[in-house]
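Encoded as structure tokens, the structure appears first; notes follow it.
In what follows, chains carry the letters A, B, and so on, assigned in the order in which the sequence lines appear, proteins first and then strands, with residues in each chain numbered from 1.
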Amino acid sequence: MEYDFKSIEPKWRKYWVENKTYQVTEDDSKPKFYVLNMFPYPSGAGLHVGHPLGYIASDIYARYKRQCGYNVLNPMGYDAYGLPAEQYAIQTGQHPAITTEANINRYREQLDKIGFCFDWDREVRTCEPGYYHWTQWAFQQMFNSYYNNHTCKAEPIAELISKFETSGTEGINAACGEELSFTAEEWNGYSEKEKSDVLMNYRIAYQGETMVNWCQGLGTVLANDEVVDGVSERGGFPVEQKKMTQWCLRVSAYSQRLLDGLNSIDWSESIKETQKNWIGRSEGTEMQFKVKDSDVEFTIFTTRADTIFGVTFMVLAPESELVETLTTDEQRAEVDAYLAAVKKRTERERIADRRVTGVFSGSYAINPLTKEAVPVWISDYVLAGYGTGAIMAVPAHDSRDYAFAKHFGLEIRPLIEGCDVSEESFDAKEGIMVNSPREEQMYDGCLVLNGLTVKEAIAKTKEYVKANNLGRIKVNYRLRDAIFSRQRYWGEPFPVYYKNGIPCMVPESCLPLELPEIKEYKPTETGEPPLGHATKWAFDIKTNTVVEKSLIDNETVFPLELNTMPGFAGSSAYYLRYMDPKNNTCLVSEKADNYWKSVDLYLGGSEHATGHLIYSRFWNKFLHDIGHSVVEEPFNKLINQGMIQGRSNFVYRIKDTNTFVSLGLKDKYDTTPLHVDVNIVSNDILDLDAFRAWRPEYADAQFELEDGKYICGWAVEKMSKSMFNVVNPDTIIEKYGADTLRIYEMFLGPLEQSKPWDTNGIDGCHRFIRKMWNLFFDNRNGELIVTDETPSKDELKSIHKVIKKVSEDVENFSYNTSVSAFMICVNELTSLKSHNKQVLDILVRLAAPFMPHIAEELWHTLGHNDSVCNSEWPVCNEEYLKEDSITYSISFNGKTRFTMDFPAEATAQEIQDAVLSNEKAIAYIDGKAIRKVIVVPKKIVNVVI
RNA sequence: GCUCGAAUGGUGGAAUGGUAGACACGAGGGACUUAAAAUCCCUUGGCCAUAACCGGCUGUGCGGGUUCGAGUCCCGCUUCGAGCACCA
């Protein structure tokens, strides 16, 4: 039989489907293992060879674990809501559901050809009501919860309400937008609307008026991680800051837990670092400053409390509420003009143009320590969203304050011994404090920092501030609450209706609240989100049904929310849904949750570090708090597979001609490099006929060849259609088969590294598979040549070596070296002319995770009737690896001089004695004293003279 | 600016502190063949030596250090990549 992958591969894929080989159920008799890939957004372009990289890697691991006796969950699904389908709908009128469905089918078709062991019965699609039911449900749970800082977890909002009813805000420490203070009487006197507004300040899913990233080009707001360099991540449209009422998730309440959780999970340092940066914890001090000639007081945040004696002015963010209060009448006009100018600038302009701007408010603030009055300025270099939106400026020791002071001619007071602030500020947190305070500023009980190091000074100031009631120790986080509304159609509708302006939850029994049909996908003429077009989009609380909008009477029929949820809503808990995908009574049954617990191995791109991977962790912690996910961290081990880049090919056209010169000759002419489709180039050699047929203008192209070949140039670029470097997995499978594609993708290099796709080299992997095949079948006549004798020592050694290497490598995700180990083994067995059944049986079991199709075929060839997927992972017997004799390198002072053979069991002492009595050794030693003899097991004897 | 990675032949890349360059590609040579394809074998870091074999020197971005021994560990740089960035 010949190796005909075109018949073998489909045959076994059919077999796996028919035998439900990959179906998995909870089984208490086996340990569980949960392998997961970040599910894809099914784009219209289909899969390119980069996409399956992670899927192949996890598939190998899943199959390996299964052969090791684990009950492995390895599901796949689709992140089906998203902008491209909606943009396409706006342009063509095509319903996004139809486009999405078509794309999913195309994805599935491509995925199916690669031979993954996904349990497709567990597939989820975020856009299906049965799935987004639980996205909406989770949102409602967040709405009905608040974060208790005492217990450090989410708790029912009803408990908070009852506390308000009995004792007001007394003793409450909850995560909130604004610190509120009221008594039980006050609370009980509030109107329904007032109560709703107060509770919004505490709910985990809340509606708030916040500065948002508004993207006019996309007609929607975006989350921070969706904005890159002031433009939208998708589409590259400019983004501006706008104050809008939006649904938000109080992710910031979980900042500390999100940070702490990183210590308990097995993720790469770089991605943990990225998340730490994003959370941005900074420990500092909040201090109160009184306004001169006024009883107004305001708070600033600083991490450099030690520089309090160097404060020469204060700065407010333009958006700060204090601006209004502190602006004096004389300065009013100037301040208003400044505020108007700032408002006009987009985020992008602010980043691009960092000119120093600002305006004096007219007020002065009193330094709580020196009692000195310093001017209060307003400038956009202070951000409203961080800290308190107000700072104390210390130009000597902060570069931004320095630039501001220089620009406006404000005083700069150095506080560190010997520092030079004539050209730039001294920002480093090191040195000895001086002028803190200066002699004339001293008074009884005054804080004195002079002579201390910066670190000591920070600590001492903190204590002083606390003891004298001037402020408090405060931890700030950069992490913002997530904005959860999008003004789009193709997303989960909010299960919310508005009862006279008060947002109310649709009863749980009415979920899922299905996305209505609309005629147009654009915003309405009045600027409402696309759902404004829906006619049947009102809620009748009497019948608990969705009814026509025309019936709204604001007594029993109310308008429904018009925003939809963002992309990350559906992808935040999908791993839980895979555990129990068809359950329509809850997100995941307790039984399934307790069995599968959390994802043991998660694979995906590192680009999700500050988006999905933060939101998911937040979401899961919340569900954990309310008792719906047993493990707090959802992804125990994370592997970030690298990106596959494109390798573009170039041809060189002589200017103004239709003649193309080969790479080596191009410098002789004035040439223009042109991208050429990589699919008509093989090992950098151009297929001339295919090139002529590629485009009409090349039909009569002339060539100047090197050795009869046209050699193309190449470069590594992003894989994209416009560079003609997209390689489709289908093409590779057609030519080489899925098994070759699988091992070649693994052989390309370390999994976590980004690397260019280079079709050169795939021949080597294909050759290897054929060689393996030839261990079973005669190359010439195709006859089965497997023999049934006792394996020889060499055969056993070769096969046990590969068991050891591959087992270690698979655990370390070092798949490129496992493939090499297979190649070595097959080469050894080939040169041993080994066709031994027992040896090949082991080889097939080892190969099964990597190349399942050929392994299944060979497994059946060897006479087995079940699937190789159910075979046992072979165990290495170290006995077979032992050598009879070992060659040692004999070194003198670290330089190898000669080699000697010893029996494998020779002791270090015996080796040492034999070496030292060897005449070559005696010559090297030459009577000199020996200081040391080092015998490294199996390798080296080093004599130190 | 801060933080984290990385740097090895013509190429992708191997090397628990122990013979650097496994494995593969590419290149060169050979066998088989009318020829091609396929397959198989040999050579392949650089320099030197030699009729040939044996051999010698050098070599993992740069400069130091620890060690009998360093691609690997430590200190100081250079370059590239990634993340954060008026975050007080």
Using the ring of each side chain (for Trp, its six-membered ring), is [X] parallel, tilted or perpendicular to [Y], with breaks at 30° and 60°?
X	Y	result
A:W377	A:F408	tilted
A:H612	A:H608	perpendicular
A:Y3	A:H766	tilted
A:Y381	A:F404	tilted

Touch class at under 4.0 angstrom, heavy-atom based, for [X] against every strand present:
X	value
A:N476	nothing
A:T302	sugar-phosphate
A:K429	nothing

Between [M] and [N] - [atom1] atom distance, rounded Å:
N	M	atom1	value
B:rU19	B:rG59	C1'	15 Å
B:rU34	B:rG29	C1'	22 Å
B:rC47	B:rC68	P	35 Å
B:rG61	B:rU11	P	14 Å
B:rG63	B:rA70	P	15 Å
B:rA31	B:rG18	P	43 Å
B:rC4	B:rG9	C1'	29 Å
B:rC23	B:rU8	C1'	15 Å

**OP:** Before giving the answer on side-chain contact (heavy atoms from CB on, under 4.5 Å), spell out for A:S282 and A:Y477 the whole-Å C-alpha distance, their side-chain angles and the decisive distance to 0.1 Å.
**Re:** CA-CA 6 Å; A:S282 80; A:Y477 299 91; over 6 Å; no

Subject >> Candidate pair A:Y338 and A:T357, rule side-chain hydrogen bond (donor to acceptor under 3.5 Å, both in side chains), full reasoning >> reply: CA-CA 9 Å; A:Y338 181 70; A:T357 62; 2.8 Å; yes

**OP:** Determine which bases of RNA chain B form Watson-Crick or G-U wobble pairs with both distances under 3.5 Å, and write the result as a 5' to 3' dot-bracket string with | for other-strand partners.
**Re:** (((((((..(((.....[....)))((((((.......))))))((((......))))..(((((..]....))))))))))))....

Measure the distance from [atom1] on [X] to [atom2] on [N] and round it to the nearest whole Å.
X	N	atom1	atom2	value
A:H608	B:rG83	NE2	P	13 Å
A:K771	B:rC41	NZ	C1'	11 Å
A:M643	B:rG81	CE	C1'	13 Å
A:R478	B:rC86	CZ	C1'	13 Å
A:Y386	B:rA85	OH	P	12 Å
A:I925	B:rC68	CD1	P	17 Å
A:I769	B:rU39	CD1	P	13 Å
A:F892	B:rU19	CZ	P	17 Å

**OP:** Examine B:rA38: is either OP1 or OP2 under 4.0 Å from a nitrogen or oxygen in the side chain of A:R767? Give yes or no.
**Re:** no

**OP:** For A:Q909, check side chain to side chain donor-acceptor pair (under 3.5 Å) against everything at least two apart and list the hits.
**Re:** A:D913

Subject >> Distance flag, aromatic centroids of A:W773 and A:F5, threshold under 6.0 Å >> reply: no

Original post:
Base of B:rG45 relative to its sugar, syn (within 90° of 0) or anti?
Top reply: anti

Original post:
What one-letter contact string describes nucleotides 3-18 of chain B from 5' to 3', where B marks a base within less than 4.0 Å of any protein heavy atom, S marks contact via sugar-phosphate atoms alone, and - marks no contact?
Top reply: SS-------BSS---B

Subject >> Most 5' of A:N827 and A:T830 on RNA chain B, judged by nearest nucleotide >> reply: A:N827

Subject >> Closest-nucleotide 5' rank along RNA chain B - winner of A:V944 and A:R770 >> reply: A:R770

**OP:** Scan side-chain atoms only and decide if A:D427 and A:S425 contain a donor-acceptor pair under the 3.5 Å cut-off.
**Re:** yes

Original post:
Does a side chain donor of either A:T312 or A:E411 reach within less than 3.5 Å of an acceptor in the other side chain?
Top reply: no

Subject >> Out of B:rA88, B:rA85, B:rC68, whichever nucleotide has its closest atom nearest the side chain of A:R931 >> reply: B:rC68

**OP:** Counting heavy atoms from C-beta on, name the nucleotide in B:rA88, B:rC23, B:rU39 closest to the side chain of A:T303.
**Re:** B:rA88

**OP:** Pick out which of A:V944, A:V936, A:V943, A:N942 makes a side-chain contact (heavy atoms from CB on, under 4.5 Å) with A:S891.
**Re:** A:N942

